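Report on the following structure.
As the structure is a computational prediction, the values presented were derived from the model and not from experiment. Chain letters run A, B, ... following the sequence lines, proteins first and then strands; every chain starts at 1.
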There are 2 protein chains.
Amino acid sequence: MPPAPHRRVTLGEVARAAGVSAATGSRALAGDPRISGPTRERVRRAAERLGYVPNAAARSLRRQATRTLGLLLVDLADPVHGLIAAGFEEAAAARGFTVIFVAGFNDPARERRALQLFAEHRTDGVALVSSILDPAEALTLIRSDRVVLAQADHPSLAGYGNDRPVGSIRSDDAAGAGATVRHLLDAGYREIGYVGAGPTASNATRRDAVLRALRDSAARPRRAFAAGRDGWRDGLAVARRIARDLPEALICYDDKLALALMDGLRACGLDVPRDVGIAGYDDIPFAACSNPRLTTVASPSAEIGRLAVRMLVGAIEGGELPPSVVLPVELVVRESTPGPGSIDYTQPRGGEVSPRRVTSLEPVGVAPGGGR
Amino acid sequence: MPPAPHRRVTLGEVARAAGVSAATGSRALAGDPRISGPTRERVRRAAERLGYVPNAAARSLRRQATRTLGLLLVDLADPVHGLIAAGFEEAAAARGFTVIFVAGFNDPARERRALQLFAEHRTDGVALVSSILDPAEALTLIRSDRVVLAQADHPSLAGYGNDRPVGSIRSDDAAGAGATVRHLLDAGYREIGYVGAGPTASNATRRDAVLRALRDSAARPRRAFAAGRDGWRDGLAVARRIARDLPEALICYDDKLALALMDGLRACGLDVPRDVGIAGYDDIPFAACSNPRLTTVASPSAEIGRLAVRMLVGAIEGGELPPSVVLPVELVVRESTPGPGSIDYTQPRGGEVSPRRVTSLEPVGVAPGGGR
DNA sequence: TTGTATGCGTTATCAA
DNA sequence: TTGATAACGCATACAA
């Protein structure tokens with residue numbers, strides 16, 4: 001192997017070394033059957049010897065296709081988005097596609113720049129995960145049959161129709177939220193609150209589904225708390241607000257918030273699940289080993305990433321974008337919601353124990369945003 | 001805004017629409033001061049009106065530079081790598097660089113394909129995170145002054161010299177491990193074990209530092225457990241092995257393993273920290289809100305990502321790769337290691353309580369790989 | 001201040 | 001079975 005072929009070798013040089021034309025060199029390396037065995041072998045060897053690496057830019061320019069996919073997500077450091085990204089990258093790599101990632105941090109300006117970037121790079125397909133842009137905006141830069149919206153979060157989309165102008169992947173937020181409520185009711189909880197995050201479509205969908213399911217039930221007073229988009233960063237602050245008027249159980253927008261809130265409640269001297277039950281959403285890996293382990297709705301994050309690739313590649317190679325999909329979710333019942341009667345009080349676990357407040361909570365009029 | 005300019009507009013068309021040549025169009029959009037104000041404005045408008053988006057491939061081909069960086073990491077779904085990726089992407093975007101990510105999953109074949117991919121795309125710089133390839137191999141495909149190795153994990157690198165052939169970023173594993181040991185000794189722990197992961201350089205470095213610090217101390221018998229590279233996936237299995245011969249405290253290779261192990265120990269009826277103290281490594285976000293909260297070594301993951309970009313961009317724009325760096329780490333003491341005497345036994349917290357076994361543990365002869 | 005011509009590295013068309 | 005040629009879209013050297 002040569003030490004470090006840094007003046008990049010071109011196909012032409014390889015061809016010359018093999019004593020053929022550039023065209024023949026190209027065909028030989030592409031495995032074109034019209035090229036004779038010996039010639040092919042000579043070219044291969046020359047390429048190997050010279051350390052030839054094809055130039056993707058030149059190839060893309062000529063072929064008018066890049067075999068590149070763009071992925072816009074919120075934050076690579078977020079467990080859910082990390083899983084989606086991992087699924088996406090793996091599926092793309094398996095099909096020979098390169099992936100360009102951009103994190104948008106829920107910032108419209110960054111999301112727009114990401115679209116611009118994808119357009120400049122002529123990505124063959126684009127997936128937008130939890131984008132807060134109006135999907136119509138994406139279509140000004142990306143052709144509609146090469147876009148997949150996953151868990152679209154533009155507030156206007158809370159209505160939840162799947163008649164989007166582009167491909168769409170969702171997990172069934174409403175079903176997951178409903179299943180959580182039913183589980184809690186079955187377990188005997190009656191006062192149930194929802195702890196929301198930012199002003200996104202998925203928060204609105206989950207919150208509304210929770211509140212609707214509660215209204216349709218025998219549940220007693222309930223309430224929605226708004227933790228704000230970054231509530232999970234300060235579980236204690238959220239816990240303090242909630243502890244002033246504690247329901248029997250809390251359904252959190254997602255696991256991140258639920259885990260932070262559990263910690264905050266513990267810091268307030270409250271014990272989960274003895275003093276309050278908690279359920280999350282997503283089933284991130286650490287939900288399975290928290291203490292107590294977290295009841296949550298398993299949303300197939302990695303599969304969403306893989307599916308986005310399958311849909312895009314289907315469109316690229318098949319010419320048509322496959323139909324939109326709503327993925328099923330599954331409730332995973334763990335220790336954090338055993339039911340209000342199921343705790344063995346002979347084995348106290350908490351520190352400072354404050355008696356459960358049983359307050360009358362007013363029913364909720366919910367403003368978009370998770371307000372109280 | 002036009003509905004969807006999908007037959008991509010070229011610079012030539014924009015120029016024609018503006019009544020100038022392609023060259024003038026190019027210069028106008030590039031803000032070349034030689035172009036008169038009115039002309040520039042006409043070109044800009046034409047570009048806007050036609051929905052012109054420059055073609056990155058053509059530009060790269062012509063400029064012989066791509067403004068693209070490659071990032072190879074182990075797994076996008078891993079919290080530490082997610083943080084590094086997030087820092088990397090953010091820093092790159094801020095400087096106008098596009099990022100291509102590849103996850104290598106500790107698989108040499110995938111890592112090699114990633115290098116090949118970066119080479120084909122003519123990335124201006126490449127960062128390899130926790131790569132298990134021999135660094136020399138990278139240099140056959142990437143020029144050495146455009147590579148940064150972050151937390152290199154090729155087994156041969158355990159020796160820890162920083163005289164690598166390429167740029168290198170490390171956090172100070174040995175210092176972190178040593179600080180953890182000192183903290184545990186100060187807290188009163190005497191029987192301390194190390195729970196290792198795979199056969200990587202960083203595992204070897206941490207393990208050796210722990211064992212060395214123990215040997216140099218008044219600590220009593222100690223032991224190293226090998227959880228294997230994927231031990232954190234089955235905390236219970238690891239816990240069972242360790243529970244048979246439980247030290248007073250365990251230092252884990254990383255937080256993922258520590259959190260899984262805490263859960264496994266709890267499933268075995270053991271209580272952390274009453275029955276055993278636990279320390280992790282990395283300070284991933286959930287280490288701060290586990291129950292008990294995890295003592296750990298804060299390693300600046302996002303900063304590693306940002307620094308990698310700074311070094312590469314320094315090389316690209318300054319011509320020379322900045323010197324290698326060892327980043328300091330910081331011990332974060334939390335609830336999981338209060339010291340063996342500091343638990344209030346009047347407030348039992350565990351379920352089934354097995355009395356601490358106080359066995360004589362043999363000193364460890366450690367094989368590379370986390371021995372025994 | 002602007003235009004003309006050229007080439008970046010590939011692949012595809014056409015001809016031999 | 002192979003070669004000559006052109007073109008993908010852009011930016012620059014040189015000319016005007």
Original post:
What does S21(B) touch in the nucleic acid at a heavy-atom separation under 4.0 angstrom: a base, only the sugar-phosphate, or nothing?
Top reply: base

Original post:
Which part of the nucleic acid, if any, lies within reach of L11(A) when heavy atoms closer than 4.0 Å are counted: base, sugar-phosphate only, or nothing?
Top reply: base

Original post:
Going through the checks in order, is the side-chain contact (heavy atoms from CB on, under 4.5 Å) test met by L73(A) and D78(A)?
Top reply: CA-CA 10 Å; L73(A) 36 65; D78(A) 178 274; over 6 Å; no

Original post:
For DNA chain D, what residues of residues 28-39 of chain B have any heavy atom nearer than 4.0 Å?
Top reply: none

Hey, can you pull the donor-acceptor pairs under 3.5 Å for the side chains in residues 301-309 of chain A, sequence neighbours left out?
residue, atom, partner, partner atom, Å
E303(A), OE1, R306(A), NE, 3.2
E303(A), OE1, R306(A), NH2, 3.3
E303(A), OE2, R310(A), NH2, 2.7

**OP:** Check every atom of dC10(D), dT10(C), dG3(C) against the side chain of A58(A) and return the nucleotide holding the closest atom.
**Re:** dT10(C)

Original post:
Can you tell which of S202(A), S130(A), S171(A) makes a side-chain hydrogen bond (donor to acceptor under 3.5 Å, both in side chains) with Q151(A)?
Top reply: S171(A)

Could you state the atom-to-atom distance from [atom1] of [X] to [atom2] of [N] in whole Å?
| X | N | atom1 | atom2 | value |
| --- | --- | --- | --- | --- |
| L61(A) | dA12(C) | CG | C1' | 13 Å |
| R122(B) | dC8(C) | CZ | P | 14 Å |
| H121(B) | dG9(C) | NE2 | P | 17 Å |
| L50(A) | dG9(C) | CG | P | 14 Å |
| N55(B) | dG9(C) | CG | P | 16 Å |
| R8(B) | dC10(D) | CZ | P | 10 Å |
| R62(A) | dC10(D) | CZ | P | 16 Å |

Given [N], is OP1 or OP2 found less than 4.0 Å from the side-chain N or O atoms of [X]?
| X | N | value |
| --- | --- | --- |
| S26(A) | dT11(C) | yes |
| R63(B) | dA11(D) | yes |
| Q64(B) | dG9(C) | yes |

Subject >> Sidechain N-carboxylate O distance under 4.0 Å for E48(B), R44(B) >> reply: no

Subject >> Residues R49(A), E13(A): salt bridge by 4.0 Å N-O rule >> reply: no

**OP:** Would you kindly compare P54(A) and A22(B) by the position of their nearest DNA chain C nucleotide and give the one closer to the 5′ end?
**Re:** A22(B)

Side-chain donor/acceptor pairs under 3.5 Å, residues 88-104 of chain A, sequence neighbours excluded:
residue, atom, partner, partner atom, Å
E89(A), OE2, A103(B), N, 3.3
R95(A), NH1, A91(A), O, 3.0
T98(A), OG1, H121(B), NE2, 3.1

Subject >> Residue met sooner reading DNA chain D from 5', once R27(B) and Y52(B) are mapped to nucleotides >> reply: Y52(B)

Subject >> Which atom of T10(B) lies closest to which atom of Y52(B), heavy atoms considered >> reply: C-CE1, 3.7 Å

